[in-house]
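A quick note: this is a predicted structure, and the numbers were derived from the prediction, not measured. Chain identifiers are assigned alphabetically (A, B, ...) following the order of the sequence lines, protein sequences preceding nucleic acid strands; residue numbering begins at 1 within each chain.
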There are 2 protein chains.
Amino acid sequence: MRQIKHPSIDQVELTDIMYALSDPTRLEIVGRLANAGRKMTCGELDLNRPKSSMSHHFKILRAAGIVETLIEGTEHMNALRVEEIEQKFPGVLQSVLRALNPTQ
Amino acid sequence: MRQIKHPSIDQVELTDIMYALSDPTRLEIVGRLANAGRKMTCGELDLNRPKSSMSHHFKILRAAGIVETLIEGTEHMNALRVEEIEQKFPGVLQSVLRALNPTQ
DNA sequence: TCTATAGTTCGATTATATTCGAACTATAGA
DNA sequence: TCTATAGTTCGAATATAATCGAACTATAGA
């Protein structure tokens, strides 16, 4: 079962993270993943856009080190790399997540 | 003495802030302003790029609500809008500033 | 009023992103 | 082995951004 390559956390640049989080679609994906608090498939995170568009956004989130994708069968399970990012850039992702959910 | 228009803090979107901070040049401007802890002219913040390029980046930082520019004589004094942003998006800008300066 | 200084605006060029259909890959299950 | 499902890759069209020279605006000071 072939897996997708991800950058190691020390390869991740702050600008990559900022860039990945500057798009509303990607911000929504990240917000949903955080709220769900569990791995989700791309299908579940579908924002009624074509698969190829969603795939593009997942690619950027992966490249930025924000999302990790594990292949399980025919599904791709996505999870946030919160702990790692928190370690390298304390507060950055967490404060963004908090800004996305003012109600908590 | 004509002044430059800025967005009010409630007009500022999180995506604007993320986008503005996704560029290395702008991130450096923001980092320098934060380290200086005082208003600085565009000239002082010059990163040996043409004036028109720098002006473009300041425009984006202003539009994102990150930088406030006051005209004093022939100079434009730039300051970070840290308190306001902190109020609206707690931790977002501050964590980025901390990530820029790991030594403190 | 003239000149120098600081920065903006304009316009053109080039680079980078977004979007999405169509073709493709990999796996599960019949 | 066939088919359905999940997602990626490719390629082309369109949109958005970065870059920078040249012309412009506004002020300070001589």
- Query: Contact class for T25(A) vs. all strands (heavy atom < 4.0 Å): base, sugar-phosphate, or nothing?
  - Reply: nothing
- Using only side-chain N and O atoms of Y19(B), determine if any of them is under 4.0 Å from OP1 or OP2 of dA18(D). yes
- Query: So does E75(B) pair up with K39(B), basic N to acidic O under 4.0 Å?
  - Reply: no
- Of the non-hydrogen atoms in Q11(B) and K88(B), which two are nearest, and what is the gap between them? N-NZ, 4.3 Å
- Query: Does any residue of residues 54-66 of chain B have a heavy atom under 4.0 Å from DNA chain D, and if so, which ones, in number order?
  - Reply: H56(B), H57(B), I60(B)
- Query: So which nucleotide from dA18(D), dA6(D), dG21(D) ends up closest to the side chain of K51(A)?
  - Reply: dA6(D)
- Task: Take the protein atom CG of L45(B) and the nucleotide atom P of dT8(C), then report the distance between them rounded to whole Å.
- Result: 11 Å
Contacts under 3.5 angstrom, residues 59-71 of chain A side chains, donor-acceptor by atom type, not counting sequence neighbours:
from	atom 1	to	atom 2	distance (Å)
R62(A)	NE	T69(A)	OG1	2.8
T69(A)	OG1	N78(A)	OD1	2.7

- Task: Please check the phosphate of dA26(C) (OP1 and OP2 only) for any side-chain N or O of T74(A) closer than 4.0 Å.
- Result: no
- Rounded to the nearest Å, what distance is computed from the CD1 atom of residue I71(A) to the P atom of nucleotide dT8(D)? 8 Å
- Query: L47(B) CG to dC20(D) P: how many Å, rounded?
  - Reply: 12 Å
- Task: Begin with the C-alpha distance, continue with both residues' side-chain angles, and end with the deciding distance and a verdict on side chain to side chain contact (heavy atoms under 4.5 Å, CB included) for I29(B) and H57(B).
- Result: CA-CA 9 Å; I29(B) 292 171; H57(B) 288 302; 4.2 Å; yes
- Message: For a 4.5 angstrom cut-off between non-hydrogen side-chain atoms, does Y19(B) reach L21(A)?
- Response: no
- Measure the distance from NZ on K5(A) to P on dT8(D) and round it to the nearest whole Å. 17 Å
- Selection residues 11-30 of chain B - residue pairs positive for salt bridge (Lys or Arg N to Asp or Glu O under 4.0 Å), sequence neighbours left out: E28(B)-R32(B)
- Between CG of N48(B) and P of dT19(D) the distance, given in whole Å, is 13 Å
- Note on the structure: Residue set satisfying side-chain hydrogen bond (donor to acceptor under 3.5 Å, both in side chains) with E84(A), at least two apart, ordered chain then number -> R81(A)
- When you check the phosphate oxygens OP1 and OP2 of dA18(D), does a side-chain N or O of R49(B) lie under 4.0 Å from one of them? no
- Which residues share a side chain to side chain contact (heavy atoms under 4.5 Å, CB included) with P90(A), sequence neighbours left out: E86(A)
- Pull out every stem in DNA chain D, meaning runs of 3 or more consecutive Watson-Crick or G-U wobble pairs with both distances under 3.5 Å. C:1-30 with D:1-30
- Task: Can you tell me the distance, in whole Å, between the CG atom of D46(B) and the P atom of dG7(C)?
- Result: 9 Å
- Calculate the interatomic distance between L70(B) atom CG and dG7(C) atom P; express it in whole Å. 13 Å
- Shortest non-hydrogen contact between S95(B) and V92(A), atoms and distance: OG-CA, 3.3 Å
- Message: What is the separation between atom CD on Q3(A) and atom C1' on dT27(C), rounded to the nearest whole Å?
- Response: 12 Å
- Message: If hydrophobic clusters are built from ILVMFWY residues whose side chains come within less than 4.5 Å, do L97(B) and L14(B) share one?
- Response: yes
- Query: From the list dT18(C), dA6(C), dA18(D), which nucleotide is the closest neighbour of the side chain of D23(B)?
  - Reply: dA18(D)
- Task: Consider the side chain of S53(B), meaning its heavy atoms from C-beta on, and name the nucleotide among dG21(C), dC20(D), dT8(C) that approaches it most closely.
- Result: dC20(D)
